[in-house]
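Notes follow once the structure below has been shown.
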Amino acid sequence: MKVLIATENNVKVEACQEAFETYFEDVEVIVAHVSSEVPEMPCNDEIGQGTKNRIKNLKQYAKENHLQVDYYVAVESGINNFFDSWMITSVAGIENDSGLKSYSTSPSYPIPDVYVNPIITEGLGIVMDRIFADDDSGHHKGGIGFLTHGKITRKQLLFESFMMALIRVINDNW
């Protein structure tokens, strides 16, 4: 099975690979860099729109590069305001050429109000790196790793979002 994912981030690729391998054998994840067409730090509905845009652009990328794949996959992380609380959420999407579309989210975690504007203007990774004196948290354990004292990693959150999106895949487009 070939899965084309819209990222070059190794944490996202590994989470995707592990989620698909939970249900399928011989999974090959192919990486491609395509635009999300949303701001660097998407807010609210822009998170899901970024995921959809990446999948749309993956399909075009596959066509232009004569790639035949079974699934197109993307995940976009951003900040959203839900129940008057700012949270970081990831939206994962899986589509194929037969019309299957499945989208889901990761668990979300709260962000103190004092960090909302810096996260929106500078990006989550930059702010988290500054707060926790790290130099690349987005490609390692992520801010959630620091906030949970190493009990939950970014990869785990992304894995969960891919697993939820796989529900339609493994249950015949449920």
Side-chain angles (χ1 to χ4, degrees), residues 1-80 87-109 123-125 128 136-145 152-174:
M1 166 182 298
K2 290 187 179 183
V3 176
L4 182 60
I5 187 168
T7 188
E8 295 173 325
N9 181 307
N10 63 325
V11 173
K12 293 179 179 182
V13 173
E14 289 172 14
C16 174
Q17 179 92 33
E18 289 177 19
F20 271 84
E21 286 178 345
T22 300
Y23 296 105
F24 305 103
E25 294 181 12
D26 300 320
V27 176
E28 178 186 359
V29 177
I30 303 163
V31 300
H33 178 75
V34 296
S35 175
S36 68
E37 302 174 28
V38 296
E40 185 68 26
M41 179 50 52
C43 294
N44 298 316
D45 291 343
E46 293 173 338
I47 306 167
Q49 190 60 54
T51 302
K52 288 180 180 182
N53 292 346
R54 285 187 193 276
I55 289 179
K56 172 194 71 167
N57 292 332
L58 272 181
K59 289 179 178 181
Q60 184 63 35
Y61 175 90
K63 183 177 179 180
E64 290 171 359
N65 290 281
H66 309 289
L67 292 176
Q68 298 227 340
V69 300
D70 298 291
Y71 294 101
Y72 305 92
V73 176
V75 63
E76 189 77 24
S77 299
I79 188 166
N80 62 340
M87 298 179 219
I88 299 298
T89 302
S90 297
V91 175
I94 301 172
E95 293 190 17
N96 68 16
D97 288 326
S98 299
L100 176 126
K101 293 182 181 186
S102 187
Y103 288 82
S104 191
T105 65
S106 68
S108 299
Y109 60 95
L124 179 64
M128 290 293 190
D136 197 14
S137 63
H139 291 263
H140 296 102
K141 62 184 171 182
I144 192 64
I152 299 173
T153 65
R154 182 168 190 231
K155 182 177 169 182
Q156 286 174 281
L157 289 180
L158 294 168
F159 173 81
E160 295 298 332
S161 63
F162 288 126
M163 290 293 287
M164 296 300 101
L166 277 166
I167 287 174
R168 285 197 167 165
V169 174
I170 64 170
N171 289 290
D172 298 321
N173 206 12
W174 161 259

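Side chains included, hydrogens not; waters and symmetry mates left out as well; all remaining heavy atoms used. In this text the structure is predicted, and so the values were computed from the model without any measurement. Residue numbers count from 1 along this sequence.
- Nearest heavy-atom pair, Glu76 versus Pro42, reported as atom, atom and distance to 0.1 Å: OE2-CG, 3.6 Å.
- Between the side chains of Glu64 and Gln60, at least one donor N or O lies within less than 3.5 Å of an accepting N or O.
- The main-chain N or O of Ser35 is found under 3.5 Å from a side-chain atom of Asn57 such that the two form a donor-acceptor pair.
- Taking CG from Leu58 and CG from Leu4, the interatomic distance works out to 4.5 Å, rounded to the nearest 0.5 Å.
- When side chains are defined from C-beta on, Asp26 does not count as touching Met1, because their heavy atoms never get closer than 4.5 Å.
- Residue-environment remark: CG (Asn65) exceeds the threshold of 12 foreign heavy atoms within 6.0 Å.
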- Item | Stepwise side chain to side chain contact (heavy atoms under 4.5 Å, CB included) test for Val75 and Thr7 | CA-CA 8 Å; Val75 63; Thr7 188; 5.8 Å; no

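- Across all their heavy atoms, Gln156 and Thr153 have their closest contact at OE1-N, 2.7 Å.
- Leu166 is listed as a side-chain neighbour of Tyr23, based on a closest heavy-atom distance under 4.5 Å.
- Heavy atoms only, all atoms of each residue included: Cys16 and Val3 are closest at SG-CG1, 4.0 Å.
- Residues passing the salt bridge (Lys or Arg N to Asp or Glu O under 4.0 Å) test with Lys52: none are found, sequence neighbours excluded.
- Side-chain contact between Met41 and Ile79 is present, with at least one heavy-atom pair separated by less than 4.5 Å.
- The shortest side-chain heavy-atom distance between Ser104 and Ile167 does not fall under the 4.5 Å cut-off.
- In this view, Glu14 and Lys155 satisfy the salt bridge (Lys or Arg N to Asp or Glu O under 4.0 Å) rule, not counting sequence neighbours.
- Of the inter-residue distances, the one linking Lys56 atom NZ with Thr51 atom OG1 reads 13.0 Å to the nearest 0.5 angstrom.
- One distance of note links OG of Ser77 with NZ of Lys12; it measures 5.0 Å at 0.5 Å rounding.
- Contact check for Asn9 versus Arg154: side-chain heavy atoms found under the 4.5 Å cut-off.
- In this structure a side-chain-to-backbone donor-acceptor pair under 3.5 Å is present from Gln17 to Val27.
- Atoms CG and CZ, from Asn96 and Arg168 in turn, are 12.0 Å apart once rounded to the nearest 0.5 Å.
- In this structure, Arg54 contributes its side chain and Val34 its backbone to a donor-acceptor pair below 3.5 Å.
- Judged by distance alone, with hydrogens and angles left aside, the side-chain atoms of Asp70 form a donor-acceptor pair with the main-chain N or O of Lys2 at under 3.5 Å.
- Here Ile88 contributes atom CD1 and Leu157 contributes atom CG; the two are 10.5 Å apart, rounded to the nearest 0.5 Å.
- Using a 4.5 Å cut-off on side-chain heavy atoms (C-beta onward), Lys59 and Glu95 make contact.
- Counting heavy atoms from C-beta outward, Ser36 and Val38 have side chains that approach closer than 4.5 Å.
- Checking Thr89, Asp45, Thr105, Asn44 one by one against Asn80, the side chain to side chain donor-acceptor pair (under 3.5 Å) holds for a single residue, Thr89.
- Closest approach of Phe162 to Ala19, counting heavy atoms only: CB-CB, 3.6 Å.
- With hydrogens and angles disregarded, no donor-acceptor distance shorter than 3.5 Å links the side chain of Ser106 to the backbone of Leu158.
- Between Thr22 and Glu18, the closest heavy-atom pair is OG1-O, 2.8 Å.
- A distance of 11.5 Å separates CZ in Phe20 from CZ in Phe159, rounded to the nearest 0.5 Å.
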- Passes side chain to side chain contact (heavy atoms under 4.5 Å, CB included), Ile94 versus Tyr72? Steps please. CA-CA 6 Å; Ile94 301 172; Tyr72 305 92; over 6 Å; no

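- With contacts defined as side-chain heavy-atom distances shorter than 4.5 Å, the pair Val69/Ile30 qualifies.
- For Ala74 against Ala6, the heavy-atom pair with the smallest separation is CB-CB, 4.0 Å.
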